[in-house]
Amino acid sequence: MATQTERRTDIGPPHYSQFLHPIIKENYGKWKYHETLKPGVLMHVGETGTIYSVRAASARLITISFVRFMAGLADKYADGYLRFTSRNNIEFLLANKDNIEPLIKELADNGIPVGGTNNAISNVVHTQGWVHCHSSATDASGLVKVIMDDLFEYFGSMKLPNKLRIAVACCLNMCGAVHCSDIAVLGVHRTLPRIDHSTLGNLCEIPTTVASCPNNAIKPTTIEGKTTVKVDEDKCMYCGNCYTVCPAMPLADPLNDGISIWVGGKISNARTEPMFTKLAIPYIPNNPPRWPEVTSAIRNIVEIYVKNAKPYERVGEWINRIGWAKFFDLTGIEFTKYHIDDFRHAGTTYKRSVQNRY
Amino acid sequence: MATQTERRTDIGPPHYSQFLHPIIKENYGKWKYHETLKPGVLMHVGETGTIYSVRAASARLITISFVRFMAGLADKYADGYLRFTSRNNIEFLLANKDNIEPLIKELADNGIPVGGTNNAISNVVHTQGWVHCHSSATDASGLVKVIMDDLFEYFGSMKLPNKLRIAVACCLNMCGAVHCSDIAVLGVHRTLPRIDHSTLGNLCEIPTTVASCPNNAIKPTTIEGKTTVKVDEDKCMYCGNCYTVCPAMPLADPLNDGISIWVGGKISNARTEPMFTKLAIPYIPNNPPRWPEVTSAIRNIVEIYVKNAKPYERVGEWINRIGWAKFFDLTGIEFTKYHIDDFRHAGTTYKRSVQNRY
Amino acid sequence: MSDDLKIPLLDELEKGPWPSFVKDLKTLAPKKPMVRDLLRQLEKSYQDKRGYWKHGGLVGVLGYGGGVIGRYSALPDEFPGVSHFHTIRVHQPSGWFYTSEALNELMDIWDAHGSGLLNMHGSTGDLVFLGTVTDELEPTFRDLTARDWDLGGSGSDLRTPSCCVGPARCENACYDTLELVDNLAHRFQDELHRPMFNYKFKIKAAGCPNDCVAAIARSDFGIIGIWKDNIQVDQAAVAEYVDSGFNVKEFVVDNCPTGCMSLEGKELKIDDSNCVKCMHCINLMSKALSVGKERGAALVMGAKAPIVEGALLGSVIIPFMEIEEPFEEMHDLLERIFEFWDEYGKARERIGECIERIGLASFLEQIELEPLPQMVTQPRDNPYIFYEEYYEEE
Amino acid sequence: MSDDLKIPLLDELEKGPWPSFVKDLKTLAPKKPMVRDLLRQLEKSYQDKRGYWKHGGLVGVLGYGGGVIGRYSALPDEFPGVSHFHTIRVHQPSGWFYTSEALNELMDIWDAHGSGLLNMHGSTGDLVFLGTVTDELEPTFRDLTARDWDLGGSGSDLRTPSCCVGPARCENACYDTLELVDNLAHRFQDELHRPMFNYKFKIKAAGCPNDCVAAIARSDFGIIGIWKDNIQVDQAAVAEYVDSGFNVKEFVVDNCPTGCMSLEGKELKIDDSNCVKCMHCINLMSKALSVGKERGAALVMGAKAPIVEGALLGSVIIPFMEIEEPFEEMHDLLERIFEFWDEYGKARERIGECIERIGLASFLEQIELEPLPQMVTQPRDNPYIFYEEYYEEE
Ligand code: SRM
Ligand code: SRM
Ligand code: SRM
Ligand code: SRM
Ligand code: SF4
Ligand code: SF4
Ligand code: SF4
Ligand code: SF4
Ligand code: SF4
Ligand code: SF4
Ligand code: SF4
Ligand code: SF4
């Protein structure tokens with residue numbers, strides 16, 4: 001048994017170099033160009049060699065069996081080398097071009113699609129949801145599954161105007177990249193924290209709890225002799241930050257929790273500067289297991305985007321070109337008071353010119 | 001003598017129609033197009049007639065003699081009809097084309113230039129300054145005089161890329177259109193209000209005074225038994241709003257009052273949306289009577305604009321195209337910490353992309 | 001008298017080609033001690049680099065709360081001529097149109113009662129009579145009203161509305177700016193003369209998006225002409241522009257903000273559904289293009305200078321409204337706005353600041369207007385939504 | 001055992017072509033009671049439309065403050081398998097590169113000590129082991145470190161830095177993202193494992209402005225590759241693109257944000273002084289265009305999700321910096337930043353919020369960087385200037 005003195009700490013991650021395919025090592029920093037041979041298959045040409053990447057989907061919430069299976073495929077086709085992408089896909093790194101099709105076939109036989117490159121919908125960046133987080137207003141893994149089932153054709157093809165990045169986050173903490181995605185699905189609470197006055201004073205620091213509220217809705221108070229807090233109904237916008245610091249203020253409300261849909265964000269600097277995602281649909285009730293209203297709302301937006309955008313326009317770029325009025329018009333989504341910002345810099349979104357379309 | 005019962009009130013302004021030239025009356029709302037015949041001379045063609053406008057400069061701060069002289073010219077050349085523009089020029093409205101040149105000549109003989117149309121620098125929108133206002137950090141009429149003396153060639157010609165609108169305001173109240181001008185000159189105080197503790201309590205309402213500060217720098221206090229206020233040195237940015245509501249807090253400081261220069265604002269919706277003016281030069285000391293540092297700073301900007309802008313680009317449009325870094329580079333103006341916003345929405349001006357020029 | 005007028009610094013401002021206020025004022029100085037002392041006090045300001053005016057006091061004419069700005073010299077002993085030096089704001093006629101006769105009458109009044117100095121016009125639009133004493137206020141007012149002139153606004157009231165030259169001399173005017181502004185001024189006389197608002201309220205009316213009266217930058221309530229249908233194109237005239245050597249492609253087409261124009265040969269095509277009515281093409285090709293036929297105005301609210309919360313441009317509260325006599329819809333709207341402001345506004349808070357504080361959506365709700373995407377540059381990007389409808393347990 | 005796993009709602013998620021986590025988890029359920037109960041509790045969540053997790057508790061491994069997220073079921077009696085269900089964040093290798101061997105070893109460890117469920121990877125970048133009990137934390141840690149793996153960050157510490165694939169497989173990489181991130185992770189081990197910041201601090205490194213790791217949106221400190229000189233153009237390859245029928249004019253030239261490109265015949269001209277390094281042209285013509293030779297990175301700070309003050313994108317604090325081993329300049333800079341934050345930050349205030357509160361100019365002053373116009377989209381438009389230098393009476 002390891003004794004205390006043997007205990008290793010602060011060693012940091014293993015150096016990546018030991019995991020690099022020899023061709024990658026040789027051509028490290030010396031790549032000349034790449035080509036996308038077909039959806040999900042990239043060819044990177046370096047000074048002294050070529051590496052083929054086959055990008056396979058993953059549910060991200062996976063098991064050791066799944067990983068072992070993938071490792072096995074890597075051994076069989078990729079000299080044992082693979083990596084994961086920033087969007088949770090798996091990339092097999094092949095030296096041998098001839099291995100591409102057999103690998104794809106074996107993946108397909110096991111229900112794993114290949115794709116996500118170029119003008120495709122890639123994997124959905126997402127979060128824990130009901131699977132592991134106490135904050136969630138919805139599930140994440142389930143939503144991703146039904147959304148990608150529905151949009152499946154766009155993962156394995158490259159027929160979109162440009163990349164389309166979807167993200168899901170199960171509460172306003174937005175652990176997914178919801179605030180900068182082409183289309184984002186965000187779990188929302190919509191009712192006041194249910195304060196447990198009997199335990200709050202013990203569980204939570206009152207000043208921290210009061211300070212946590214972005215809108216100063218929380219005030220200290222005393223109820224039946226107990227120190228606790230109260231929430232100003234008119235000021236609370238259900239963000240859940242109080243709950244993050246104080247377990248006695250849960251927001252979960254099966255009847256009113258649900259989903260909002262956001263559009264037009266991006267991260268890359270290509271053509272236009274990075275943009276935040278903007279509100280499209282303020283609320284859709286949770287309807288598990290397959291959330292049909294959510295998938296059809298997203299499909300509607302995707303299809304109208306595909307039909308109307310110019311080549312290489314991201315969703316936000318397309319909307320900026322046609323104007324938001326037209327976006328609401330084309331998608332049939334209702335514009336409501338909720339769409340008009342009312343937080344800190346709300347005024348900067350008011351239309352301060354008369355340049356408009358009619 | 002008028003008795004109380006005869007006293008007329010609330011009659012409002014006289015109806016404009018009685019002041020309209022007959023040709024204007026006939027073609028009211030029926031104008032077809034206009035042409036600029038030469039700098040300062042417009043021809044408007046209506047359905048049943050043509051009116052010629054000759055635009056003459058004015059100091060705006062004028063005398064009854066000047067007005068009577070202009071009225072005389074109107075009688076002589078314009079059937080007695082004239083108007084003033086939104087930038088304080090005088091427009092003689094002529095039915096007879098042949099009167100244009102004689103009018104211009106008589107104006108010139110009396111030191112009054114004609115111009116300001118199309119791609120010109122028109123009259124300077126400005127304010128009271130030392131001539132009439134208690135708030136002023138500089139004079140306005142004098143500044144306008146020396147600026148327009150210096151830029152005179154651009155009033156009587158139309159060789160700029162587009163209109164160039166200059167405004168002068170003598171304090172942060174900005175009674176001139178300083179916040180949306182191609183180039184703006186703004187009088188600034190730069191030191192703390194000098195509180196007159198002996199009178200403040202009598203002259204000013206403390207709560208109003210405290211509330212007036214945009215940055216919460218003012219706090220009530222008691223000094224030698226008197227109710228008064230104190231100003232937090234670190235929070236005061238010398239805006240003068242406290243002085244507006246409380247005479248016991250003057251800001252005038254001959255040593256430190258002076259001038260700041262702003263660029264790139266516009267009002268029209270033409271091509272681009274209206275824009276605020278942005279800081280170019282944080283401070284130039286007051287140097288009356290001819291403020292040479294101010295006039296040369298403005299000339300520098302104007303000349304570089306003329307040289308670099310594309311046809312029809314306003315100053316702000318030109319800068320947006322080339323980028324602010326280039327603007328500072330070309331003009332040789334120093335970029336300082338003062339240029340980085342630190343008020344309410346400062347964050348919205350931080351560069352949130354890596355799209356930059358090097 | 002005038003030989004003791006030693007103003008060497010100001011004399012420097014007689015030089016140069018631009019009209020000199022010093023030269024002009026000097027002509028009046030011998031006749032008017034006020035002007036003489038004004039120049040002397042100004043000379044001292046130029047020497048000392050500071051103003052010498054006291055903080056204004058409350059003066060006015062009977063029954064009016066606005067229209068006069070009190071002004072006193074800080075050095076009345078040194079410059080007795082300007083010990084009182086009040087301003088009278090005279091309500092200009094729509095579009096700043098005058099006849100020589102009217103001007104001469106006005107000058108006679110001002111000669112009789114004041115310094116003889118004036119601004120044509122003040123930044124808000126008034127005819128500003130600069131410099132008189134308290135005792136002359138009422139007589140001046142009497143003479144003015146006798147000749148059908150009234151005072152403009154000042155203080156926390158409706159300020160003197162102003163407008164661009166509009167249909168009187170401009171082919172771009174999308175509605176009658178002059179009549180509207182004259183109408184509003186008369187309809188809201190009480191609000192104009194008797195300050196009862198939280199703060200000033202300015203109205204400016206521009207006939208088209210060129211906004212020659214700065215409505216979007218300098219008015220709490222701006223009316224900016226606009227059209228809904230297509231730009232009217234005279235293709236023959238387009239061809240003439242092309243033939244004349246004017247570079248329609250580079251100067252016009254390439255500068256269209258939405259890229260909705262194209263030049264095919266000598267024919268100009270416009271995809272009007274994408275035109276944002278910016279005016280650029282019409283401005284450059286006055287003879288060939290004109291504003292559409294379905295005309296009206298966009299209403300923008302809340303513009304102001306920086307004090308207190310930072311400068312604001314007006315923001316759209318109605319993207320399109322027909323502007324027709326007797327302007328009742330506009331009267332109703334303004335009344336709803338004044339009511340709202342009365343209820344929700346704070347003292348010395350401009351309505352634009354109030355709207356920002358309350359939120360545009362709430363403001364619209366209060367004044368009974370529908371939210372529309374044309375009122376924002378983009379929907380919210382933060383998820384802090386005040387949901388108001390929710391399900392209750394059955 | 002597994003026949004009593006009644007999860008009809010979740011079964012619906014086995015349908016459809018996208019990989020099903022339910023299908024995957026079900027394969028493990030017979031062996032792992034934790035997985036079985038996880039599915040059962042999740043089924044209940046799907047029925048009731050709410051989560052059943054308690055607010056996390058403080059658990060961890062000896063001497064570390066971060067790397068483990070405590071998690072307990074709210075219904076431990078009903079679902080005992082998940083009464084404890086903690087997460088272990090394992091620090092991934094730069095670029096998420098693995099060998100099958102390494103993965104199999106990791107899986108063996110996780111099989112031995114936990115549920116066998118995991119995320120590859122978490123949103124921050126960690127290899128996330130989902131579900132174990134408190135008693136297994138230390139043994140898991142021991143086995144991990146024995147195989148050279150360490151924990152990632154959590155809580156108010158330096159979070160696990162991550163980077164794009166960079167020079168390992170991308171021709172656009174302007175610096176060595178993998179080495180930098182590995183270096184920073186090792187250099188700041190203490191900050192990573194022992195929370196002593198005001199709040200979390202995330203580092204992300206992207207090799208070029210495409211930002212494939214979302215540095216500008218999801219990191220407090222983002223390093224985004226960029227070049228200073230000219231785009232490298234292979235005109236022969238350009239001609240091939242043209243010949244291939246690819247519409248260089250429409251797709252590339254017309255989409256350049258500054259319009260600094262033009263196609264003359266088959267030759268591509270770039271006015272690099274106006275190029276803002278957006279990557280679009282290089283992206284579309286990988287064979288003909290590549291990033292310049294004078295490479296480095298732009299540093300952006302302050303990105304974060306909305307809580308508390310609203311979401312932020314990173315903002316430029318250094319427009320261009322050379323990124324070379326041993327990365328000392330970067331270490332120094334980070335230390336100055338941590339010092340600043342320590343002094344000026346508030347608890348639970350992200351550094352981006354802190355910079356906004358303090359002001360970018362003051363922040364720059366504190367961390368000893370020069371203000372540059374590249375750090376703003378525009379200079380201030382409000383006149384509320386805190387002048388610091390002034391003249392004093394002599
Ligand atoms: C593998 C990966 C990096 C990694 O370290 O894991 C990667 C790899 C490449 N990216 Fe990326 N990007 C990857 C995530 C991203 C992200 C981050 C994200 O999605 O969260 C972005 C920012 C997205 C955004 O803007 O919202 C991203 C924005 C781009 C762009 C810019 C696209 C645009 O026009 O806006 C390009 C350029 C392009 O595709 O032509 C690009 C291009 C590329 C290239 C072509 C670079 C190269 O020459 O090798 C790589 C293959 C692209 C492809 O998939 O078509 N990559 N790329 C990531 C794959 C994720 C996945 O599994 O789908
Ligand atoms: C007379 C006046 C209106 C009035 O009621 O007094 C007026 C009259 C005209 N304006 Fe104006 N504008 C007048 C102030 C303005 C203002 C307000 C201001 O400067 O404070 C603006 C907004 C300025 C800004 O954007 O900062 C203004 C922005 C325009 C524009 C837009 C220019 C642009 O491209 O941004 C045009 C279009 C043009 O010139 O082609 C225009 C066009 C015109 C036309 C051509 C309209 C017409 O068809 O008759 C008129 C003659 C223009 C000229 O001077 O070249 N007018 N014009 C004002 C003359 C002021 C002066 O004495 O110089
Ligand atoms: C006379 C005039 C300047 C001029 O030379 O033309 C003027 C003069 C004064 N303005 Fe003004 N403002 C004048 C147009 C403006 C404008 C421009 C406009 O109306 O288009 C503005 C900017 C637009 C706006 O309304 O925001 C303007 C923004 C201010 C402010 C700042 C208000 C704000 O909310 O930011 C103040 C301070 C205040 O109201 O207490 C102010 C206050 C003042 C006072 C009353 C000084 C004070 O602190 O009480 C000045 C009196 C000077 C004097 O003794 O003659 N003045 N003031 C203008 C009115 C003449 C007229 O009636 O036609
Ligand atoms: C596991 C993970 C989601 C996932 O499924 O991948 C996650 C899970 C949690 N996040 Fe997160 N965050 C995760 C990446 C993120 C990201 C994305 C990123 O890092 O790129 C963000 C947005 C970017 C950012 O940092 O702003 C994010 C923004 C938050 C926030 C809001 C922070 C803010 O300043 O706005 C909180 C709330 C908090 O810190 O108290 C939070 C808090 C949480 C907590 C600890 C819940 C809480 O209230 O204490 C979640 C634990 C869930 C659980 O039990 O497993 N998480 N969190 C991600 C970390 C895995 C990893 O280490 O790789
Ligand atoms: S987004 Fe919210 S609910 Fe989802 S994992 Fe993050 S903190 Fe938990
Ligand atoms: S949910 Fe958000 S807004 Fe409501 S009280 Fe809690 S912290 Fe405040
Ligand atoms: S800008 Fe200031 S100093 Fe000038 S007139 Fe207006 S209030 Fe007076
Ligand atoms: S000058 Fe302005 S910032 Fe300074 S105390 Fe007065 S109101 Fe406040
Ligand atoms: S605003 Fe429009 S209508 Fe009015 S004068 Fe200017 S161009 Fe003509
Ligand atoms: S008005 Fe402006 S937007 Fe409309 S077509 Fe002309 S230039 Fe384009
Ligand atoms: S960010 Fe740039 S360098 Fe990194 S993978 Fe993406 S394209 Fe390549
Ligand atoms: S990188 Fe972007 S800005 Fe530079 S030339 Fe290419 S498309 Fe234009």
Side-chain angles (χ1 to χ4, degrees), chain B residues 2 8-14 16 19-20 24 28-29 31 33-34 44 57 59-68 71 74-75 80 83-84 86 112 130 134 136 141-142 145 148-149 152 173-175 177 179-180 214 241 247 252 254 267-271 274 286 288-290 311 343-344, chain C residues 9 12-13 16-19 21 24 27-28 45-46 48-51 53 55 91 93-100 103-104 107 110-111 116 119-120 123 142 145 148 150 167-169 171 178 185-186 189 209-214 216-217 255 257 278-280 286-287 305 307-308 310-311 313:
Chain B
R8 298 180 76 193
T9 65
D10 299 279
I11 57 175
Y16 58 90
F19 305 128
L20 299 181
I24 286 187
Y28 196 90
W31 302 101
Y33 68 89
H34 78 276
H44 282 82
R60 194 186 80 124
L61 171 53
I62 51 180
T63 62
I64 45 177
S65 334
F66 178 83
V67 177
R68 284 172 177 147
D75 282 333
R83 72 178 290 269
F84 289 75
S86 62
I112 300 162
W130 292 331
H134 59 267
S136 44
S141 309
K145 167 73 175 142
M148 288 308 287
D149 277 348
F152 191 69
N173 282 335
M174 289 197 185
C175 300
H179 61 311
C180 294
N241 199 38
I267 286 163
S268 82
N269 287 273
R271 300 166 306 284
N286 264 326
R290 295 203 66 100
F343 194 52
R344 295 263 188 283
Chain C
L9 290 175
E12 289 297 311
L13 293 179
W18 189 252
F21 71 96
D24 190 10
T27 64
L28 214 58
S45 288
Y46 271 57
D48 299 352
K49 305 186 189 178
R50 57 159 302 174
W53 298 105
H55 208 282
H91 199 137
S94 279
W96 299 291
F97 278 94
Y98 296 91
T99 54
S100 49
L103 282 180
N104 284 326
M107 294 312 108
W110 191 226
D111 200 358
N119 291 138
M120 288 193 84
S123 280
R142 184 198 55 214
T145 49
D148 297 332
D150 199 347
R169 205 208 49 199
E171 67 278 14
L178 292 84
H186 285 92
Q189 277 290 299
N210 280 333
D211 197 358
C212 296
V213 73
I216 205 155
N255 276 320
C278 85
M279 290 297 297
H280 177 73
S286 171
K287 285 185 179 166
I307 308 279
V308 182
L313 287 166

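Within every chain, numbering begins at 1; the chains are lettered A, B, ... in the order of the sequence lines, protein sequences first and strands thereafter.
In terms of heavy-atom pairs under 4.5 angstrom with chain B, the leader among C:Glu12, C:Met107, C:Met279 is C:Met107. Contacts with chain C were tallied for B:Ile267, B:Asn241, B:Ile62; B:Ile62 has the most, counting heavy-atom pairs under 4.5 Å. By number of non-hydrogen pairs under 4.5 angstrom with chain B, the leading residue of C:Ala185, C:Ala305, C:Pro93, C:Ser286 is C:Ser286. Put simply, of C:Leu13, C:Asn255, C:Asp211, C:Leu9, the one with the most heavy-atom pairs under 4.5 Å next to chain B is C:Leu13. Considering only heavy-atom pairs separated by less than 4.5 Å from chain C, the leading option among B:Tyr33, B:Trp130, B:Phe152, B:Phe343 is B:Trp130. The most heavy-atom pairs under 4.5 Å with chain B, out of C:Asn119, C:Val308, C:Ile307, C:Leu103, come from C:Asn119. Contact count versus chain B (heavy atoms, under 4.5 Å) is highest, among C:Trp53, C:Phe97, C:Trp110, C:Trp18, for C:Trp18. Most heavy-atom pairs under 4.5 Å with chain C, from the set B:Ala270, B:Ser136, B:Cys175: that is B:Ala270. In terms of heavy-atom pairs under 4.5 angstrom with chain B, the leader among C:Pro19, C:Gly310, C:Gly16 is C:Pro19. Across B:Ala252, B:Pro289, B:Ala59, B:Gly142, the residue that shares the most heavy-atom pairs under 4.5 angstrom with chain C is B:Pro289.
Residue B:Arg68 touches chain C through both its backbone and its side chain, counting heavy-atom pairs closer than 4.5 Å. For a residue to count as touching a neighbouring chain, one of its non-hydrogen atoms must lie under 4.5 Å from one of that chain's; by this rule B:Phe84 touches chain C with backbone and side chain alike. For B:Phe66, the parts lying under 4.5 angstrom from a heavy atom of chain C are both the backbone and the side chain. At a 4.5 Å heavy-atom cutoff, the contact between C:Asp148 and chain B is made by backbone and side-chain atoms alike.
For B:Ile24 against C:Ala168, the heavy-atom pair with the smallest separation is CG2-O, 3.1 Å. The two residues B:Ser65 and C:Thr27 have their closest heavy-atom pair at OG-OG1, 4.0 Å. B:Val67 and C:Met120 get closest at one heavy-atom pair: CG2-SD, 4.0 Å. The minimum heavy-atom distance linking B:Arg290 with B:Asp149 is given by the pair NH2-OD2, 2.6 Å.
The ring pair (Phe, Tyr, Trp, His ring centres under 6.0 Å) check on B:Tyr28 picks up nothing, with sequence neighbours excluded. Evaluation of the side chain to side chain donor-acceptor pair (under 3.5 Å) rule for C:Thr99 yields no partner, not counting sequence neighbours.
Expressed to the nearest 0.5 Å, how far CZ of B:Phe19 lies from CG of C:Leu178 amounts to 12.0 Å. Summarising the geometry, atom CZ belonging to C:Arg50 is positioned 12.5 Å from atom CG belonging to B:Asn286; distances are rounded to the nearest 0.5 Å.
Using the six-membered ring where Trp is involved, B:His34 and B:His44 have ring planes that are parallel, under 30° apart on the 30 and 60° scheme.
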